[in-house]
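Heads up: numbering here begins at 1 and tracks the sequence. As a basis for the values below, the full set of heavy atoms in this structure was taken, side chains included, without hydrogen atoms, waters or symmetry mates.
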Amino acid sequence: MKKGLLSTILVAAVCWPLHAQNIFVSPNGKLTVNAEGQVLKVCFQDKQVLEVKTSPNPSEEGGLTPKHIVTDYQMVAGKRKYCTNEANEYQLGNMTLRLYNDGVAIREEQSPLTISYRIPEGTKRWMQQWCDSYEGFFPLDTTYKVTPVPSYSGTFKSAEGWNNRWGYPALVEAAPDVYALITEANITRGHSASCLYNDGEWFRVVPDETSPSPSKGGEPWRVIIVGSLANIVESTLVTDVSEPCKFADTSWIKPGVVSWIYWAYNHGSNDYHIIKKYVDMARVLKLPYVLIDAEWDEMKDGKTIEDAVAYALSQGVKPLIWYNSSVGWVDGAPTPKFRLNKPEDREREFAWCEKIGVAGVKIDFFSGDTQRNMDYCIDLLESAARHHLLVNFHGATVPRGWQRTYPNLLSTEGVYGAEWYNNVPTFTDRAARHNATLPFTRNVIGPMDYTPCTFSDSQHPHITTNAHELALTVLFESGLQHLADKPESYLAQPAVVQQFLSELPAAWDETRLLSGNPGEYVVMARRCGNTWCVAGINGSDESRTLSLADSLESLAISPKAKVTVFADGQPWAINENTTLPTSFTCQPRGGFVAVISAD
């Protein structure tokens, strides 16, 4: 505490003369913001990262000594269990500006604030064209002049014909090895989410439809995570600025791995005998959960959902069940529908779930970022918590910090995930590069229900290796980690692979990016207790050597640690009780996992 107090005093002493010149600084001094007229120039270690245009003029609103903010909290699930961050907060008229050690957060306190980000032509960027489900690629571009994806609902075009609506998050390389990730956080009741629109280099924040009478209080935080790729990937800034947990008791919230039907049987949840296969797989692999997906209310052969739930519970497996939100895709969509929309129906349905032993709900097919949808999601989370139900939002917006405020929200889709092998052939040739992009983009901001780790094929083949697929269970963070492949595929794998899946964590104490470049490759280490899982994938169509030599020292791994390695082979190269290699030569679209246990 004395050290923290001293740093606060020193920061205040340094900031005051700088602030008089409209220069604001982070607690560690690495991040600065210079107000020049209506433009905030964000710099990291003296390199300009981003220009942010605001209204009103922040350079005319300054004059206050910064307030030192310290955030310290614990997460039920996520990339890091114990989170801490600090910021210097400046009040500039109607605008609050916070400079954290890993980024900038801005919000308007009472009336709308106009805010835009400048991404100059020629700047590398990984951005997703907006669609209401956030299911798209993050391709590398250096221009905003991108052809709209015709299949998205409501194609958005500028006057010149380019796509002009973009979803969060947006990653840009502002200078060599200096990055900014643009997103937002802390959507509260009465507010819609926003996205980015552009007609050129300036990308403006535009909230979705909001009612004329939003609730009182601050607007959402506009967030820019800044620094190296490691700073971006490891940041918890999205939850740092979000409201604290609203629950007095979170002991009932248990992250875990889930067996899932849709990959192989997209109508399997109306068949009791198919459900039993996935329950039995969960029992054999010691997975805590099974998801009974859509159409369980239309079960065949005289069976009911109560029969399926009872069977799962008899095998020591906790069932999750699916609902249609009934605000997005309704006509022609799967059932059950219209059971959650009215408060009294929702309470009755969730009480029934709790009574029969359902552990959680997957709610699907929302309709974008409107205030109605945001309020509905909050209603669902609060009602589910009253009945001790975990929640997974599908066909929904991306995380914006609710995983801290409502920790029963253990996962959210909002990602172009492996279920698309079931739908279209597009994923086959692009998945490896996409997989190597997601750790730097979508998964930075919160849990991601990608449904990873498939060794067999669905409707359309995949061309990633087995080790690549296994690595995704570590690289992709989700409090409910759904294993998508069919039972016979998992149960045909070597015993040591099955054991890995049995012991796979769904919540992590610590996360480190060891190396990588978006779309090319990624090597990441995650720790749970005394065990480190180090995973890497090759996103390219050529073989690649991924080195660990310069990165493992920081993990302080004991030379006596037990190491099991899963690498590319025919189809596996597995070594138990071995030493940790200093590099892995991955096949095209290959990968590896190393499990390092101090026990």
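Remark: the Glu135 side chain and the Ser133 side chain contain an N/O donor-acceptor pair separated by less than 3.5 Å. Side-chain atoms of His468 and Asn435 include a donor-acceptor pair closer than 3.5 Å. A donor and an acceptor atom, one from each side chain of Thr465 and Gln587, are nowhere located under 3.5 Å apart.
Nearest heavy-atom pair across Val205 and Ser194 is CG1-OG, 3.4 Å. A pairwise comparison of heavy atoms in Val238 and Gly401 identifies CG1-N, 3.6 Å as the closest pair. Listed here is the closest heavy atom pair of Val223 and Leu237: CG1-CD2, 3.7 Å.
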Which side-chain N or O atoms in residues 471-478 pair as donor and acceptor under 3.5 Å with protein atoms at least two apart or in another chain?
| residue | atom | partner | partner atom | Å |
| --- | --- | --- | --- | --- |
| Thr473 | OG1 | Leu470 | O | 2.7 |
| Ser478 | OG | Ser411 | OG | 2.7 |
| Ser478 | OG | Leu480 | O | 2.6 |

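For Arg442 and Phe138, the positive end is not near the middle of the six-membered ring at less than 6.0 Å and at most 45° from its axis. By the 6.0 Å and 45° rule, Arg404 stacks over the aromatic ring of Tyr73. Note that Lys53 lies in the cation-pi zone of Trp202, set by a 6.0 Å cut-off to the ring centre and a 45° limit from the axis.
Rounded to the nearest 0.5 angstrom, Tyr117 OH and Asn198 CG are separated by 14.0 Å. Going from atom OG1 of Thr147 over to atom CG of Asn163 covers 9.0 Å, rounded to the nearest 0.5 Å. Distance OG1/Thr183 to CD1/Ile225: 7.0 Å, rounded to 0.5 Å. Distance CG/Asp177 to CD/Gln45: 11.0 Å, rounded to 0.5 Å. Atom OH in Tyr197 sits 13.5 Å away from atom CZ in Phe203 (nearest 0.5 Å). Taking CD of Glu108 as the start and OG1 of Thr114 as the end, the distance is 8.5 Å to the nearest 0.5 Å.
Salt-bridge check for Asp199 with Arg204: passed, with a basic side-chain N closer than 4.0 Å to an acidic carboxylate O. Taking a cutoff of 4.0 Å between a charged side-chain nitrogen and a carboxylate oxygen, Asp509 and Arg80 do not qualify as a salt bridge. Between Glu219 and Arg107 no salt bridge is recorded (no basic side-chain N to carboxylate O distance below 4.0 Å). Salt-bridge formation is not detected for the pair Arg512/Glu234: no Lys NZ or Arg NE/NH1/NH2 atom is positioned less than 4.0 Å from an Asp or Glu carboxylate oxygen. Contact check on Asp46 versus Lys41 returns no salt bridge, with no Lys/Arg side-chain nitrogen under 4.0 Å from an Asp/Glu carboxylate oxygen.
Checked against a 6.0 Å centroid threshold, the rings of Phe393 and Phe366 count as neighbours. The ring of Phe24 has its center closer than 6.0 angstrom to the ring center of Tyr90. Aromatic ring centres of Phe427 and Tyr416: separated by under 6.0 Å. Between Phe566 and Phe500, a ring centre-to-centre spacing shorter than 6.0 Å is recorded.
Under a 3.5 Å cut-off, the side chain of Ser228 and the backbone N or O of Asn231 do form a donor-acceptor pair. Between the side chain of Asp369 and the main chain of Ser192, no donor-acceptor pair closer than 3.5 Å is present. When atom types are taken as modelled, the side chain of Ser515 and the backbone of Ser551 share no donor-acceptor pair closer than 3.5 angstrom.
Surrounding CD of Glu121 are more than 12 heavy atoms belonging to other residues, nucleotides or ligands, all under 6.0 Å away.
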